[in-house]
Amino acid sequence: GQEVLSSESKKPLLPTSFNLSEYFRQFFFPPGECELHDFRLSFRQLKWDNWIVAPHRYNPRFCKGDCPRAVRHRYGSPVHTMVQNIIYEKLDSSVPRPSCVPGKYSPLSVLTIEPDGSIAYKEYEDMIATKCTCR
Amino acid sequence: SQTFGGEAKITPNAESESEVDPWSLLQLVDGADRSGLFPPLFKVLSDRRGESPKLQPDSRALYYMKKLYKAYATKEGVPKSSKSHLHNTVRLFTPSTQNKQASGDQVTGLLPSDALQFNLDRVAAVEHLLKSVLLYTFNTSIPPPSALTCLCILAIHESRSSPAPLSCTLKNHKWMEIDVTSLLQPLVDSSERSIHTTVNFTCWLAQPPHPSGPEGPLHMSRLVPPSLILYLNDTSAQAYHRWYSLHYQRGPAQGPDLDRRGTETPRLSRHPR
């Protein structure tokens, strides 16, 4: 079989345009799975720009997508999440599947003009989602 | 729309749906105003949808606070991690009334003493005072000499303590700060919300007057009435507690753990299982 092997070895194993990391990505991060999405808004859209002076742009972000069956460590999910999934699949489908929700947040600084004309700088906790989890 | 018989007829209307005010989503079904349930931000926001503030702030004050914002937060509004300050709230008040009690004395640079009233109603009970300064700006196109030395006598009518000589710190050629924390602390802690102050200045030059400035004594009477700045620590759950985040890993938006005795203990970073 040496001549077969030698002739085979001349053919490229993979198409030149093949992207290995992209290939593995589809296994590690299948499309439509639970992940963080941007939503940039300006306070002008909410008609609050006459008293929220800063920031001009605010991206609270949000979590969207399906929770995989075996969430394991990637989403920081407790074991309860897998138990809930098993209940949904094996015992009672009226029990909802685990949901894709924010798991960590970062604060936001806001500069506002108060009704009495004074000016306030405030830092609010949990205003920007920074990580998703399945719960 | 509601017909006469009372049965509701739903007439889906494109523009009305697009105009749905985001705040109607937040109003509770029974319409009862339980805004106390909302975090302070939503309470403030839902109370003031779209209306502009009744009083517009002083432009110099707004300029100063915008510079402070740029120093404390990124363009996206995320607070910069800094150990230099522990306050999570800064409030700037401009005097609601001001009347001159006496004309200034140009010879010694003694400024006219100003009776100023500040209305601190916006300071919430959960906001604890950490520092407070009177901020003066020079209303002059000719920057004052850099080596300006001032001494001021500040009296606060509501305070039991006698007028105290305070040193003034020239922040740069535009601003001058007087630290009034020791005088204001007891008043803010006792929920005093209307403060009357009189300030007497004595300033002298440590160097010859500014070459292009007017000869003779320092023309200080062009100081703009000061703003009062309060550096506060908001202790409510919705406020960002910088010192807490620096020391403990916070879990996803949860409060501190309860240990077996039921007392609150801050959540330590979880060890990987």
Side-chain angles (χ1 to χ4, degrees), chain A residues 36 38-61 63 72-79 100-135, chain B residues 21-23 39-41 44-45 47-58 61-62 64-66 68-70 72-80 87-94 96 118-122 227-228 232 234 236-242 244-245 250-253 272-273:
Chain A
L36 208 52
D38 285 328
F39 187 87
R40 288 182 176 77
L41 64 88
S42 74
F43 287 116
R44 182 190 302 272
Q45 290 168 279
L46 295 173
K47 301 189 183 70
W48 297 344
D49 55 319
N50 48 14
W51 59 281
I52 290 191
V53 179
H56 298 303
R57 295 181 306 278
Y58 170 38
N59 179 9
R61 295 178 147 174
C63 294
R72 295 298 298 138
H73 60 281
R74 177 143 48 92
Y75 286 103
S77 301
V79 180
C100 172
V101 293
K104 279 203 171 183
Y105 298 87
S106 79
L108 179 75
S109 296
V110 186
L111 190 63
T112 60
I113 299 175
E114 304 285 83
D116 64 352
S118 64
I119 308 170
Y121 166 87
K122 287 198 75 81
E123 295 173 348
Y124 285 101
E125 188 69 279
D126 303 339
M127 289 289 283
I128 301 173
T130 55
K131 194 174 177 190
C132 296
T133 182
C134 286
R135 290 276 197 257
Chain B
D21 181 1
W23 294 103
L41 178 60
V44 165
L45 296 179
D47 290 348
R48 304 196 352 233
R49 282 171 276 169
E51 75 185 34
S52 17
K54 296 181 177 58
L55 297 170
Q56 285 304 319
D58 172 73
L62 197 52
Y64 183 85
M65 288 300 274
K66 283 180 178 176
L68 178 135
Y69 185 88
K70 284 183 185 148
Y72 284 3
T74 64
K75 267 195 179 158
E76 283 66 38
V78 179
K80 294 175 184 172
H87 47 271
N88 54 22
T89 298
V90 181
R91 291 186 179 278
L92 181 145
F93 298 93
T94 44
S96 44
F118 294 97
N119 178 358
L120 309 186
D121 282 337
R122 300 302 297 182
S227 300
L228 178 64
L232 303 145
D234 182 334
S236 65
Q238 282 77 31
Y240 173 51
H241 300 295
R242 182 182 303 273
Y244 186 92
S245 306
R250 275 179 64 83
R273 281 188 281 260

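If you're wondering where the values come from, they're calculated on a predicted model, not measured in any experiment. Per chain, numbering begins at 1; letters A, B, ... match sequence-line order. Computed from heavy atoms alone, side chains included, the values below leave out hydrogens, waters and symmetry copies.
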Atom CD1 in I113(A), atom CG in L92(B): separation rounded to 0.5 Å?
11.5 Å

When the 4.5 angstrom heavy-atom criterion is applied to N119(B) and chain A, the contacting part is backbone

Does any part of the side chain of N59(A), heavy atoms only, come nearer than 4.5 Å to the side chain of E76(B), both counted from C-beta?
no

When the 4.5 angstrom heavy-atom criterion is applied to I119(A) and chain B, the contacting part is both

Is there a donor-acceptor pair under 3.5 Å between the side chain of Y240(B) and the backbone N or O of S109(A)?
no

How close do R122(B) and S118(A) get, counting heavy atoms only, and between which atoms?
CG-OG, 3.7 Å

Looking at side-chain heavy atoms only, is the closest gap between R91(B) and K122(A) below 4.5 Å?
yes

Partners meeting side-chain hydrogen bond (donor to acceptor under 3.5 Å, both in side chains) with D58(B) (sequence neighbours left out)
none

Between CD of E123(A) and NZ of K80(B), what distance do you get to the nearest 0.5 Å?
11.5 Å

Selection from D121(B), L232(B), L228(B), L62(B) maximising heavy-atom pairs under 4.5 Å formed with chain A:
L62(B)

Contacting region of L68(B) [heavy-atom separation from chain A under 4.5 Å]:
side chain

What part of K70(B) gets closer than 4.5 Å to chain A, counting heavy atoms only: side chain, backbone, both or neither?
neither

Taking every heavy atom of E125(A) against every heavy atom of H241(B), the minimum-distance pair comes out as OE2-N, 4.1 Å

